[in-house]
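None of these values were measured; they are calculated from a predicted model. First the proteins, then the strands, lettered A, B, ... as listed; each starts at 1.
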Amino acid sequence: MKNTLDWIYSDLNEEQQKAVCEVDGPVLILAGAGSGKTRVLTYRIAHILASGKAEPYQILAMTFTNKAAAEMRERVQKLVPEMISGMWIGTFHSLFARLLRYEGEKLGYDSNFSIYDVDDQLTLVKMILEELALPVQNITPKTINQRISAAKNDMILPAEFAENINNPVEEITAKVYTRYEKKLLELNAMDFDDLLIKPIILFEQFPDVKMHYQDKFHYILVDEYQDTNRAQYNVLRLLAGKRRNICVVGDDDQSIYRWRGADVRNILEFELDYPKCHKFRLEQNYRSTKNILAVAHSVIQNNIKRHSKKLWTERPEGDSVTLMNVVDEREEARYIVNQIGGEFRKAERRFYDFAVLYRTNAQSRVIEDALRLDGIPYIIVGGVKFYERKEVKDVLAYLKVLVNPADVISLKRIINFPLRGIGESTVVKLEKFAEDKRISLYKALEIVETIPEIPAKASAGITSFYKLLNKYRSLRSELPPAEIATSLLEETGILKLYKDDNSVESQTRAENIRELIVALVEFSNNAGPEARLEEFLQQVSLITDIDTWDDRKNAVTLMTLHAAKGLEFPVVFITGLEEGLFPLSRSIDDPLALEEERRLFYVGATRAKDKLYLTWAKNRRKYTENPAQVKSRFIKELDLRFIESVASRAAKTPPVTQTRIKYGANDMPDYENQSQEDQEFQIGMRVKHQVFGKGTILKIERGYGTIKLMILFDREGEKRLVYPYAKLEIL
DNA sequence: TCCCACTTTCTTTTT
DNA sequence: GAAAGTGGGA
């Protein structure tokens, strides 16, 4: 083993060394952006292990993404290779899911419980709303779901929630919430929030279990502590209760998840909870140039609720930060692409050096189009997620039911997919029967023939469905997960269903299902012969956007500002700096929300190592409107000494007023290289669409500013499109 | 029971 | 401009 002190002295600055070596008792590390906090955390773990203070299985290290956890594990392994196995390094959600697999039985859960994502939660809420037949008026299931989730994150259980009702929405939410919790238990399922709350309930109800884990974990380390919520805060307090060896790392300026229940007070008031804690400040930034730091600081200092601090760096001044004003989102995209292309051609950069950040996922589309047009490779983080695609969720639902037959949400999802003649009314009868007889829906499937109301045809379909499920349920112990899935797909004909349909959509779906199988095979390979389907399902449920991001691929990265936290890039673009977009309109009237937007800007700016671009547009299309924009207040807060301000030629012309913008081709701004003649469509004309290819116009309907077109595509068949939304080229 | 065509909503960020 | 939801007809 390497001498402990050696690597600590050679790789760390003085303050970092202190933070690493102060091992016992509560420790608060305030780590500014780019100050090497991951390094400190990993060295700390390595130091604890190497000095013999604890065994690996006595260490608990929590992060917010699997990617961060994997990175931490890898880096610890490099420092102390032989001591890694058994450590509890992972996300809050995955570690507690693991704990609940062991202990959930005490709370009435089976160890094979399903984990519900937002989609499943919504389905359940809708189910309950129908069941309770509540007067919902204009309250959407989504609103109710958000209320429930917020309550859970604040650790308010149904009983307490019901006691504090102030309006009709809360009244309905309270009823749904009570039923929702009951249902989850019945379905043997937990939602994301449960993974944080249930351990607390468990510890409170079973002090011996609490003591077991308090004894087990000698050292607890928490990353991104500024983003913990009430539930996370409490569970940490319980776990650290005995030994008090808890080390939290965070930066109040980078707290950006308030809307999800995160509470900055957790980090601001850590010293109140642990009065004798050791406190360290990491303020030397190793990432950004002086100019970038100065700009970031000029904005964040406008926040009132923050620890005053200022990062410093030994890096050079560097380039000025570029502030670019463009006419609209299309020009913004073109500007970004041109800058990337220019720097790339000068051979100073590779594509993976660039990140384009935006406030909302919807902004990615235009930028993608522009990148594609220039043939620049890009990766997009987030957006439509792989595991949320319909076809993937369908297959996963099958697997979930195999593991957990009580999971009615998944069961109902697949009961008539692929079609087997089991319609809505049959399902209702089944459920009623199950309820009357007080048996599970799954059990009702088994004895469907004894239900007189269900016609023979539907009954036969149900029986074969049941036999199919049961067969694969028993195969689980004999075959590896990947083989079960492959065989199941074969027998149900799901893959064939998509393969036989020649539309692009179906082919993509078939492709996605194959990709899912690949993921399963990979999982089996990694986990060895012990690979269990339930573990795969859990892993999949708790995957984060950023986890799937391949940072070695030579491509420009597109993502939201939220997703960028913790990352760094030589060149960063922050786009859409307009009032109402960034900061978002809903935040403008709420001082706390506004400060969070400002922190988000700070997070974005401090991702940049060498060059930062800020862009804003005079007009930005939203739905069908194209309203004029006002520059973001964050732009006004920039310290101009570090800024080079430019505007495109088109943007320098007087602002376009709202009335002029009724999206006719004539009204588009003048770009040098773009032909802007009005599109004269005629029936029988040949046109080309970016995605659907070539086709012939069948029908034209002219609307106000829009033209509806029916087009027969050579490959895709008939489609209805609306110009100018659909990008059509006349051939 | 299922399919097609039409309408409505979506756009805040995510474990 | 897509996806999800709705409703009528076969």
A:Asn266: which of A:Asn229, A:Asp252, A:Thr228 passes side chain to side chain donor-acceptor pair (under 3.5 Å) | A:Thr228
Whole angstrom value for the distance that separates P of B:dC2 from NZ of A:Lys457 | 7 Å
Within this structure, what is the CD-to-P distance between A:Glu368 and C:dA2, rounded to whole angstrom?
-> 13 Å
Any idea how A:Tyr109 and A:Phe113 line up, ring-wise: parallel (<30°), tilted (30 to 60°), or perpendicular (>60°)?
-> perpendicular
Pairwise 5' ranking along DNA chain B for A:Thr65 and A:Asn416, keeping only the more 5' one | A:Asn416
A:Lys305, NZ atom: more than 12 neighbouring heavy atoms under 6.0 Å | no
More than 12 non-hydrogen atoms from neighbouring residues, nucleotides or ligands closer than 6.0 Å to CZ on A:Arg633, yes or no?
-> yes
Can you tell me the distance, in whole Å, between the CG atom of A:Leu584 and the C1' atom of B:dC10?
-> 14 Å
Out of B:dT15, B:dC3, B:dT13, whichever nucleotide has its closest atom nearest the side chain of A:Leu419 = B:dC3
Figure out the CZ/C1' separation between A:Arg509 and C:dA2, and round it to whole Å.
-> 12 Å
Looking at A:Ser425, does any N or O in its side chain come under 4.0 Å of the phosphate oxygens OP1/OP2 on B:dT1?
-> yes
At under 4.0 Å, does any side-chain N or O of A:Lys126 touch on OP1 or OP2 of C:dG5?
-> yes
Both distances under 3.5 Å, Watson-Crick or G-U wobble: report the partner of B:dT13, or none.
-> none
G-U wobble or Watson-Crick pairing nucleotide for C:dA4 (cut-off 3.5 Å, both distances) = B:dT7
Can you tell me if the side-chain N/O atoms of A:Asn66 get under 4.0 Å from OP1 or OP2 in B:dT15?
-> no
Touch class at under 4.0 angstrom, heavy-atom based, for A:Leu561 against every strand present = nothing
Which comes earlier along DNA chain B counting from the 5' end, the contact point of A:Val118 or that of A:Ile422, where each point is its nearest nucleotide?
-> A:Ile422
Think A:Asn361 has a side-chain N or O under 4.0 angstrom from the OP1 or OP2 of B:dT14?
-> yes
Within this structure, what is the CD-to-P distance between A:Gln226 and B:dT13, rounded to whole angstrom?
-> 20 Å
May I ask you to say what A:Glu424 touches in the nucleic acid, namely base, sugar-phosphate or nothing, with a heavy-atom cut-off under 4.0 Å?
-> sugar-phosphate
Tell me whether the OP1 or OP2 atom of B:dT15 has a side-chain N or O from A:Ser541 closer than 4.0 Å.
-> no
Indicate whether OP1 or OP2 belonging to B:dT1 is found under 4.0 Å from a side-chain N or O atom of A:Thr426.
-> yes
Counting any heavy atom closer than 4.0 Å, what does A:Phe64 reach on the DNA or RNA strands: base, sugar-phosphate only, or nothing?
-> sugar-phosphate
A:Trp549 CH2 to A:Thr557 OG1 distance, which is reported to the nearest 0.5 Å | 5.0 Å
A:Trp259 ring over B:dT13 six-membered base ring, under 5.5 Å and 30° | yes
Is any N or O donor-acceptor pair between the side chain of A:Arg260 and the base of B:dT15 shorter than 3.5 Å?
-> no
Between A:Arg586 (CZ) and B:dC10 (C1'), how many Å, whole number?
-> 12 Å
Quickly work out the A:Lys142 NZ to B:dT9 C1' distance and round it to whole Å.
-> 10 Å
Rounded distance in Å between the C1' positions of C:dT6 and B:dT11 = 23 Å
Integer-rounded Å distance: B:dT15 C1' and A:Met62 CE = 13 Å
Indicate the ring-plane relationship of A:His562 and A:Trp259, choosing parallel, tilted or perpendicular according to the 30° and 60° boundaries.
-> perpendicular
